[in-house]
Amino acid sequence: MSTNPWGQFKDDVIRALDGALSRLGWAVSVPLDATLEEPPDPKLGDIATRICFDLAKLHRKSPAVLAAELGKEVRPEGLVERVEVAGNYVNFFVDISRLAELTLQTIEKDDRSYGCSDVGQGKKVLIEHTSVNPTKPLHIGHGRNAVIGDVMARLLRALGYQVEVHNYIDDMGRQVAETLLAYRLIKEKPKAKFDHMLGLIYSDMHGRIEREPELEEEVRKILARLEQGTGVDPKQARRLSEKCVRANLETTDRLGISYDVLVWESDLVRSGILGETLQKLKDTKYLVEGTGEYAGALVLKLSDFGLEDKVLVRSDGTAVYTMRDIAYQLWKFGKTEVELKFRLHSRRPDGTRTYTTSQRGRINKRFGRADMVINVVGAEQKFPQEVVFNSLRVLGLEREYENSYHLAYEHVWLPSGRFSGRKGTWIGFTVDDVIEEAVARSRAVVEEHAPGASESFKRRAAEFVGVGAVRYSLISTSPEKRITFKWEEALSFERNSGPAVQYSHARACSILRKAKTVEFKPVDGAFKLPQEQRLVKLLAKFPQAIQEAGLRRQPHLLALYAAELAVAFNSFYEVAPVIEAETPELRDARLRLVNGVRVVLRNALELMGIKAPERM
RNA sequence: GGGCCCGUAGUCUAGCCUGGAUAGGACAUGAGCCUGCGGAGCUUAGGACUCGGGUUCAAAUCCCGACGGGCCCGCCA
């Protein structure tokens, strides 16, 4: 049985088309599936071919004439019910009964795995996301990064990949140094969650550092000691960072995001991996002693790859950030001799065991060694990411280069402008704040809809609706577009929102609950309404929707699909009584359809990391 | 100076990779639909491809050039 009903219909179209073309003796130069498209109106057909435009050149006849000839020659087979010619197009109509039966049977059989496939079978993909400096709470912009990464991880798992999620913690950067200084100097600390408190004292201290040169000097000293690993500073920085990360993880837990591994910059640096990577690069002709203004530094020459040169080691012997990223990227692919050491960091509420790099840990060869690497990193870092990826080519790792992806996303803005840690414009827009507000607003709506429900139900419902709204709003826009955060948009409960999809799911569940049992009888020709047929087709397309979203690394496509299905279900609901259907046969068929919608909405919601409630 | 990304109705957004039929959807606005399986709903009306050129039988889509917004080009991260 096919696990991709619409794909099967497409294959049947191609076979029918191919048969007709060969009977006519018409040669074509393009792959047939590239000539297929969806007609603008379902009345015209379900799949169209525009091949007659191509044929027109060879045959010196008008596309319309060719379409008429071709249309006559096509013999419907499989899921293709009939063919119509309209102008320059040959349009294929799906046999809706057979498609419905195939789709519903597949859904009923596969259930939770409907939509999944095995295109990534045997391949491991490593996704790095979040990677926030451990000196502050996550604001909603970090939330976008984390949710994009998390949905990618879920999508790729559904495609059969083995997925490992990393969160990289830079505990050696300037922000950590400044925060450590602030932590020491500011005695009266604001009473807040640890990461919020750090964020507040950091923005406080940053202004002072700019005004007072001796503080700037102190930051530089701390930074140097972090680099060298000497004295108490590195230990304290790590401790502070640890506490901050634990607080950050509470936030991501609440969003339903988990990590397999936390990788600490200090562990990476002290593992010896940098030295190894540096030596490897030195052995190539691309890493050279700088000249002129770069005298004393080591410069990676990338002009062969169409990139500007990049200093990797400063004249004082310290490595720049990008150098560390290169070493990390090599490790991700299992291309370093040096092994990192790991220990269990924590068990998350969803059951995930999160591991962490650690000096005192053990080598664990199940981590890393990926076939594909996806870094969810802001679009402004395109150049450094290119440097990292091209370093792989420098080392002769062409395959690894080709399997390195920068999932670039634009930042979230406030109506007043950019987020700034220094200016503290994030205050009030942390993920914690936004979820809090979202849950409060959902609570009011839940109260309205289920006044008689128990307190614990209302609390749970408000939580999953609020979180669903926030997550949906963060992934529903294509990553390369900037989002301007607005409360009324992020927390929308109306259609085209997370809660709207949840609502449709709950409604489907409600119908099935009322109906008590579903008879799995053949649907035959039951689905006559356009609303029913549209649902069948959408359900059939779910596996393709997942593949597109996953393989193109465009998680927003999944959100759009889910919203489309939810809206289509609402339209169906208005016109098609299920339990009180005109005949028992129709009732059974519609119940199967509703059940199919339920399964697909649930699977789609779970892929988005949003709870699929049976009641709300 | 060089490079990258974005520009679609009052607002937000899909489509651009791979050119093809009346550019899809949402919010807001106007008009309808509630004694109905959950109205967080449905139906319906009006409204958009930034601008010029070019390629093509055909351009929102490809190419060139403007314009507007953002970003990168650091021995910062």
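So you know, we letter chains A, B, ... as the sequences are listed, proteins then strands, and number each from 1. Since this is a predicted model, take the numbers as computed values, not measurements. We use all heavy atoms of the structure for the numbers below, so side chains are in, but hydrogens, waters and symmetry mates are not.
For the pair Arg507(A) and Tyr573(A), the distance from NZ or CZ to the six-membered ring centre is under 6.0 Å and the angle to the ring normal is within 45 degrees. Geometrically, Arg615(A) does not engage Phe457(A) in a cation-pi contact defined by less than 6.0 Å to the ring centre and at most 45° from the axis.
No contact: Arg587(A) has no heavy atom under 4.0 Å from any strand. Base engagement by Ala576(A) is indicated by at least one non-hydrogen atom pair under 4.0 Å involving a base atom. Looking at heavy-atom distances under 4.0 Å, Asp309(A) makes no contact with the nucleic acid at all. Residue contacts for Asp170(A): at a heavy-atom cut-off of 4.0 Å it reaches the sugar-phosphate backbone alone, with no base atom in range. Note on Phe383(A): only backbone sugar-phosphate atoms sit closer than 4.0 angstrom, heavy atoms only; bases stay farther off.
Set against rA77(B), rC42(B), rC6(B), the side chain of Glu574(A) has rC42(B) as its closest nucleotide. You'll find that the side chain of Arg507(A) is closest to rG39(B), out of rG15(B), rA77(B), rG39(B). Taking every side-chain heavy atom of Arg314(A) into account, rC75(B) is the closest of rA21(B), rC75(B), rU13(B). The side chain of Lys481(A) lies closest to rG7(B), out of rU22(B), rG38(B), rG7(B). For Arg513(A), the side-chain atoms get nearest to rG38(B) when compared with the rest of rG38(B), rC42(B), rA21(B).
For the OP1/OP2 pair of rC73(B) and a distance below 4.0 Å, the side-chain nitrogens and oxygens of Lys382(A) include no atom meeting the criterion. At rA26(B), none of the side-chain N or O atoms of Ser492(A) fall inside 4.0 Å of OP1 or OP2 (strictly under the cut-off). Within the 4.0 Å cut-off from OP1 or OP2 of rC5(B), not a single side-chain nitrogen or oxygen of Tyr409(A) is found.
Comparing the same atom, C1', in rC63(B) and in rU11(B) gives a spacing of 32 Å after rounding to whole Å. For the P atoms, the distance from rG15(B) to rG7(B) is 10 Å, rounded to whole Å. For the P atoms, the distance from rC42(B) to rG3(B) is 48 Å, rounded to whole Å.
In this structure, rC17(B) forms no base pair with any nucleotide, since neither Watson-Crick nor G-U wobble geometry is met with both distances under 3.5 Å. Remark: rC67(B) base-pairs with rG7(B); criterion is Watson-Crick or G-U wobble with both hydrogen-bond distances under 3.5 Å. Base-pair partner of rC62(B): rG54(B) (Watson-Crick or G-U wobble, both distances under 3.5 Å). Base pairing of rG1(B): its partner is rC73(B), meeting the Watson-Crick or G-U wobble criterion (both donor-acceptor distances under 3.5 Å). Across all strands shown, rA31(B) is found opposite rU43(B) as a Watson-Crick or G-U wobble partner, with both distances under 3.5 Å. Across all strands shown, rA23(B) has no partner, as no Watson-Crick or G-U wobble contact with both distances under 3.5 Å is found.
A salt bridge between Glu463(A) and Arg460(A) is absent, with no side-chain N of the basic residue lying under 4.0 Å from a carboxylate O of the acidic one.
Relative ring orientation between His166(A) and Tyr328(A) is described as parallel, the plane-to-plane angle staying below 30° on a 0-90° scale split at 30° and 60°.
If you take NZ of Lys57(A) and P of rA58(B), they are 11 Å apart, rounded to a whole angstrom. Here the P atom of nucleotide rC16(B) and the CZ atom of Arg552(A) are 6 Å apart, to the nearest Å. Here the P atom of nucleotide rA77(B) and the CD atom of Glu380(A) are 15 Å apart, to the nearest Å.
Contact between Glu582(A) and Pro577(A) at its shortest, heavy atoms only, is OE2-CG, 4.4 Å.
The number of heavy-atom neighbours closer than 6.0 Å to CD of Glu380(A), taken from other residues, nucleotides and ligands shown, is above 12.
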